[in-house]
2 protein chains.
Amino acid sequence: MTGQVRTVDGRVAGRRGQATRQKLLDCLSEMFGSSPYRDVKVIDVARKAGTSPATFYQYFPDVEGAVLEIAEEMAKESGELADLASGRSWVGKAAWSASEELVDGFLDFWRRNDALLRVIDLGAAEGDKRFAKIRLKILGSVTSGISDAVKELQAKNRVDKDINAAAVAGALVTMMAGVASQPKAFQAWGVKQAEVRPNLALLVHLGITGKKPAR
Amino acid sequence: MTGQVRTVDGRVAGRRGQATRQKLLDCLSEMFGSSPYRDVKVIDVARKAGTSPATFYQYFPDVEGAVLEIAEEMAKESGELADLASGRSWVGKAAWSASEELVDGFLDFWRRNDALLRVIDLGAAEGDKRFAKIRLKILGSVTSGISDAVKELQAKNRVDKDINAAAVAGALVTMMAGVASQPKAFQAWGVKQAEVRPNLALLVHLGITGKKPAR
DNA sequence: TCGGTAAGCTGACGGCATGACAGGACAAGT
DNA sequence: ACTTGTCCTGTCATGCCGTCAGCTTACCGA
């Protein structure tokens, strides 16, 4: 699918080249966890990878370019999210456990990749289409899964027809993403971590089925 | 309340000084709207304000310091948000219009200040306590307003007692904030702007009252 | 074994941002 | 006009950015 890996100046990267390239990506990933986005410098990444800034620019046009690379990688892993909403039963008790699992799976995924996802969110919000595209790829599968669930319930007359399934799905996904990326806020509001998940699951259940869960 | 405005080296700023200081802040605000956070440079702000970088460093330790200043200013204006949730009736038809007005007011506020709020969110998510504090100040009033509404309904036995009011309120506020900061995402999911607000209001209504709105 | 070729890496450079300082410009009062 | 205190900027050292030429390394066919 993707052609060979190429350097900025057009040469094809060999074994060794790909290794250093990957090492640079790894170091950059790690860096996002430890220092603010604004302070991530090429020279630091290069030093950490035991190479020079010039080498970095052989493989990436700039820091953003490298970030996009990492993000693409993560987007591939985000396929696991799709199963959290698709192919589930959203009726009765099954709907409640589906909500719980959706919230759990989503929050876990987000917390595993929080630093990177923050950067993607920022880029997308600032209007960068490349970041927006990746964000869509990551969230799209869950969103359409939820959207389909709502539409199915609408078809069975279990949910009002004048609800826009996609809008509700998008809002619920956005809610989960937001909650996952600001865990400290809930602490400040006097909410324990353990309390967040069930209450979030409740809101998801309410949003999808329009009813209180039957536990 | 706040003491006199002081320069970095401790002198008190006079009339003229405060004027240039303010101009720098204004130019910085404007800059956030037009260029990515990562690329905002002191020299650009200074040039835009018709002064020199040295002057900037007279009044602010760095870009972040200035951002915090602007953010504090905005936090003061965020008092208007408090009235969107407090002192409203959350029963029957009144609850529906309260939901609509809450969503409208919140989204408008967020979109008016989106660039700055993005930066605050990022700072808070990255663990900077100063930004987290400001974020709390902005969102706290709405959150506690919603939280109180839920608690009141719980007291009247109209909402289950095992719901954590603060957790639900926080999640709803986070949802609104997330939706406001990523309007493009909904477009990509095929949802028109006009569709977002009513569906968001529906979710807010469901979350607070636990019931579908009586329209 | 031995060039030849392409890949891989780095030193070094001009350019720009940062941050500190001293001294000049300015306004207001005497 | 002179003084005083505030305000601004020229200048400098430092450090990062992004690029290039050129050196080293690995691979390959003869």
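Numbers restart at 1 for each chain; the letters A, B, ... are given by sequence-line order, proteins then strands. Predicted, not measured: the structure shown is a model, and the values here were computed from it.
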**Report entry** Separation of atom CZ in B/Phe60 from atom C1' in C/dA17, rounded to whole Å
**Finding:** 18 Å

Requested in this report: Give a yes or no on whether A/Lys137 atom NZ has more than 12 heavy-atom contacts from other residues, nucleotides or ligands under 6.0 Å away.
Outcome: yes

Query raised in the report: Under 4.0 Å between a side-chain N or O of B/Arg21 and OP1 or OP2 of D/dC7?
Result: no

Query raised in the report: Taking OP1 and OP2 of C/dC9, is either one under 4.0 Å from a side-chain nitrogen or oxygen of A/Thr55?
Result: no

Query raised in the report: For D/dC8, does OP1 or OP2 lie under 4.0 Å from any side-chain N or O of B/Thr20?
Result: yes

Report task. Would you confirm whether B/Ser147, through its side chain, and B/Ser144, through its main-chain N or O, come within 3.5 Å as a donor-acceptor pair? Result -> no

Query raised in the report: What integer distance in Å separates A/Gln18:CD from C/dA6:P?
Result: 19 Å

Report task. Select from A/Ile43 and A/Ala54 the residue whose nearest nucleotide in DNA chain D is closer to the 5' end of that strand. Result -> A/Ile43

Query raised in the report: Nearest-Å distance, CG (A/Asp9) to C1' (D/dT19)?
Result: 11 Å

Report summary line: From CG of A/Asp44 across to P of D/dC17 the rounded distance in Å is 7 Å

Query - B/Trp189 and B/Phe186 aromatic ring geometry - parallel, tilted or perpendicular at 30°/60° bounds - result: perpendicular

Report task. Round to a whole Å and report the spacing from CZ of A/Arg6 to C1' of C/dA6. Result -> 13 Å

Query - Separation of atom CD in B/Glu64 from atom P in C/dG19, rounded to whole Å - result: 11 Å

Query - Cationic tip of A/Arg118 above A/Phe32 ring, under 6.0 Å, 45° of axis - result: no

Query raised in the report: Are more than 12 heavy atoms from other residues, nucleotides or ligands located less than 6.0 Å from atom CD of A/Gln154?
Result: yes

Query raised in the report: So what does A/Phe56 touch, heavy atoms closer than 4.0 Å: a base, only the sugar-phosphate, or nothing?
Result: nothing

**Report entry** Rounded interatomic separation in angstrom, taking NZ from B/Lys23 and P from D/dC8
**Finding:** 11 Å

**Report entry** Comparing B/Thr51 and A/Gln58 on DNA chain D - which has the more 5′ nearest nucleotide
**Finding:** B/Thr51

Query raised in the report: When all nucleic acid strands are considered with a 4.0 Å heavy-atom cut-off, which category describes A/Arg11: base, sugar-phosphate, or nothing?
Result: base

Query raised in the report: Does B/Tyr57 have a side-chain nitrogen or oxygen under 4.0 Å from the phosphate oxygens OP1 or OP2 of D/dC8?
Result: no

Requested in this report: Send over the distance from A/Lys41 NZ to D/dG18 C1', rounded to a whole Å.
Outcome: 14 Å

Requested in this report: By nearest nucleotide on DNA chain C, pick out whichever of A/Arg38 and A/Ser52 is the more 5' one.
Outcome: A/Ser52

